[in-house]
Amino acid sequence: MNEKSQTALQQTMLILLILIIMPTIGFAQGEADQLIANGFAGNQPGIITIFTARKVITMEQDNPEARAVAVSGKFIVAVGSLSQVKSALGNTKYVVDETFANKIILPGFIDQHLHPILGGLTLSTEVIAPEEWVMPERTFRAASTPEEYKKRLKEAEASMKDGKEWLFSWGYHSLWHGRMNRASLDSVSSTRPIMIWQRSCHEFYMNTAALNTLGLTEQSMQGKGDASKMMNWAEGHWWETGTNLVIGPLMKVFVTPQRLEFGLKQMIAYLHSKGVTAYNEPGALLAPGLLEMYQRILGADDTPMYSFFIIDGRGYIDQGVPAAEAIADGEKIINSHLTGKVCFFPKQVKLFADGAIISQLMQMKQPYLGADGKPDPSHHGEWMVTPENLEQRTKAYWDAGYQIHVHVNGDEGLEVLLNALERRMAENPRANHRSVIVHFANSSEEQVDRIARLGAIVSANPYYPVGFADKYSKIGLGPERADVMVRSASVLKHHIPLSFHSDLPMAPSDPLFLAWCAVNRITPSGRVAAPEQRISVMDALRAITIESAYSWQKENELGSIAPGKIANFTILEQDPLTVEPVKLKDIPIWGTVFEGKEYPISRHATLGMNLPQDKSAPTLTSLPLPSCFSSCGQDFDQDHGYCGACSFNLMLKNSGVLNTLTLK
């Protein structure tokens, strides 16, 4: 028998195998012929591997638990007890892999929404933040008081050997760390340039040495419209649109090829250490050479996860591109990157409503409150996309058949979005449109009911009440609104599909931690914020697996363990359904299986960095400023940056720095 005939026979045998298995063993959603097509698309049949486990939690309602999973290539072919799977395989060659015999297999964890460039850059700095960040090779302890923050910053400066090297730090927030200004940074060092990146990612503080190194002057900050009103030269502080005055020269010394590459590789290792096997960036950053870097690093053979992207709809609005042209241009980008480990979702777009939660720029129906508990007239939300533009763009993308993901945080922002969706359904009803309410910080019960009636779904960040309710109950929202942020239980009560995301670096990309947040809602003070909004462990696990896949229209490929689906698993040392819910985030993760291959977590090496165990990460050297670079940046514009994670991509693109990098 020749090789071609043998391969055809093997395929036929496996098809028969699946047909035999399906009546008794769990299988993927969809018809049998589609299952078989999924199971063999791109697959090279060979010896089947049967992974055994103490328990397999499948996320399949018809077959919720198993003890064995059979994998051929990168696809699952059978799920059940070991005897069932062996019997079904018959004379087909197989090996039994008992690596996970005493462990728990779950579907590969999914982070529904994060930002790889921003996550890579922030976590490549000296992180001093209100929460702890556990990286593969270093843990950044939390700093919860002004005294802790200043002590950590001084320690970081003292540990640096080169007196001219920049000190970059991310994570500062005034509600935890007190007042920041140029004088306080000068007291840390009067000679070393220091840049502090605020926790929300859209404020910068610099000391005098940094301003001198960048060649900035007070005069160059004047006469630039609204931007000149959003900076304080004396205090070395730039925020919102004001960051456009410094983003160009600052990014020239911060966003170097070395830092970009190190940051992305460290992010891969970080995500892998948390069991992530797939993530998505909505509003992807595109620049010359950047997609090539993504393919080289994120798409490398040893990168054990999928990197998905959604086209950005806001940039076209800011640039004044008509909707029809925006859709056509976006589809060119999408269609040229539809397959592989690094690819775009077809017919999906990211839009925006109101501002970010960390900076308290959500659009709220009721006023923000000051420290005295009274309305603060100086504090108000912002629109990232005006209601008029949101109306126009949702209509254009809706009528073009797109799934629309919309960033929204305030209850007034949500009201505007729901009104727009209601008009879309009235004018052009669509079944299964799966419009995604992204972030979902503030809402009312009536609005949750409207979400259900309109057929929308929710992707929430469950870290919000855990990380911010204590502080926001005192300043900004007040205790009632702060505690009920992210109404997860209400969403599930209305049978609305609910997924979770980190929005890295707005929260740690740690799916078990996100599940823990939703299950427990325990704040740093030890209290439970809105206990009635806690959800079950199973619902939380679904939110980081099958429901995340559903929000991407990938539920037939990812998110559960069933024949025909891709063999992506997260391997735990303990059963999340039997441990105490308060210990959910502490379950050790062995590693992952990605496309059928085992990837244990290494404590000593960063994935993709090819570093010996006794070597440290490469030095993050800076590029010199080009002599032609002006002190106020190359392409100044008036774009507002009201969401740190999502707007930083636009700021970085506008800075021009990516056009000067040599991304090999």
Enclosure of K474 NZ (heavy-atom neighbours >12, cutoff 6.0 Å): no
Backbone N/O of A183 and side chain of N207: donor-acceptor pair under 3.5 Å: no
Short N-O contact, E157 and R192, less than 4.0 angstrom: yes
No-hydrogen, no-angle side-chain donor-acceptor test under 3.5 Å, H237 and Y205: yes
Short side-chain donor-acceptor distance under 3.5 Å, T241 and D226: no
Modelled atom types, side-chain donor and acceptor of Q219 and T217, under 3.5 Å: no
Spacing of CH2 belonging to W590 relative to CD belonging to E598, to within rounding of 0.5 Å: 4.5 Å
D111/K274 ion pair, N-O < 4.0 Å: no
Side-chain donor-acceptor pair present, H113, H115, cut-off under 3.5 Å: yes
Lys NZ or Arg CZ of R521 over W516 ring: under 6.0 Å, within 45°: no
With sequence neighbours excluded, residues passing side chain to side chain contact (heavy atoms under 4.5 Å, CB included) with T145: E147, E148
Side chain to side chain contact (heavy atoms under 4.5 Å, CB included) against H379, all qualifying residues, sequence neighbours excluded: Q360, Y368, D376
Pairing of E281 and K350 as salt bridge, 4.0 angstrom limit: no
Distance-only donor-acceptor check, side chains Y279 and S509, under 3.5 Å: no
Short side-chain to backbone donor-acceptor contact, S189 and T191, under 3.5 Å: yes
Electrostatic pair R199:E131 at N-O distance under 4.0 angstrom: yes
Donor + acceptor pair across side chains of H501, H439 (<3.5 Å): yes
Heavy-atom donor-acceptor pair, D503 side chain to M506 backbone, under 3.5 Å: no
Proximity of Y472 and Y464 rings by center, below 6.0 Å: no
Distance-only polar pair, side chains of S459 and S499, donor-acceptor under 3.5 Å: yes
N/O donor-acceptor pair under 3.5 Å between W239 side chain and H202 backbone: no
Check: S184/R179 side-chain N/O donor and acceptor closer than 3.5 Å: no
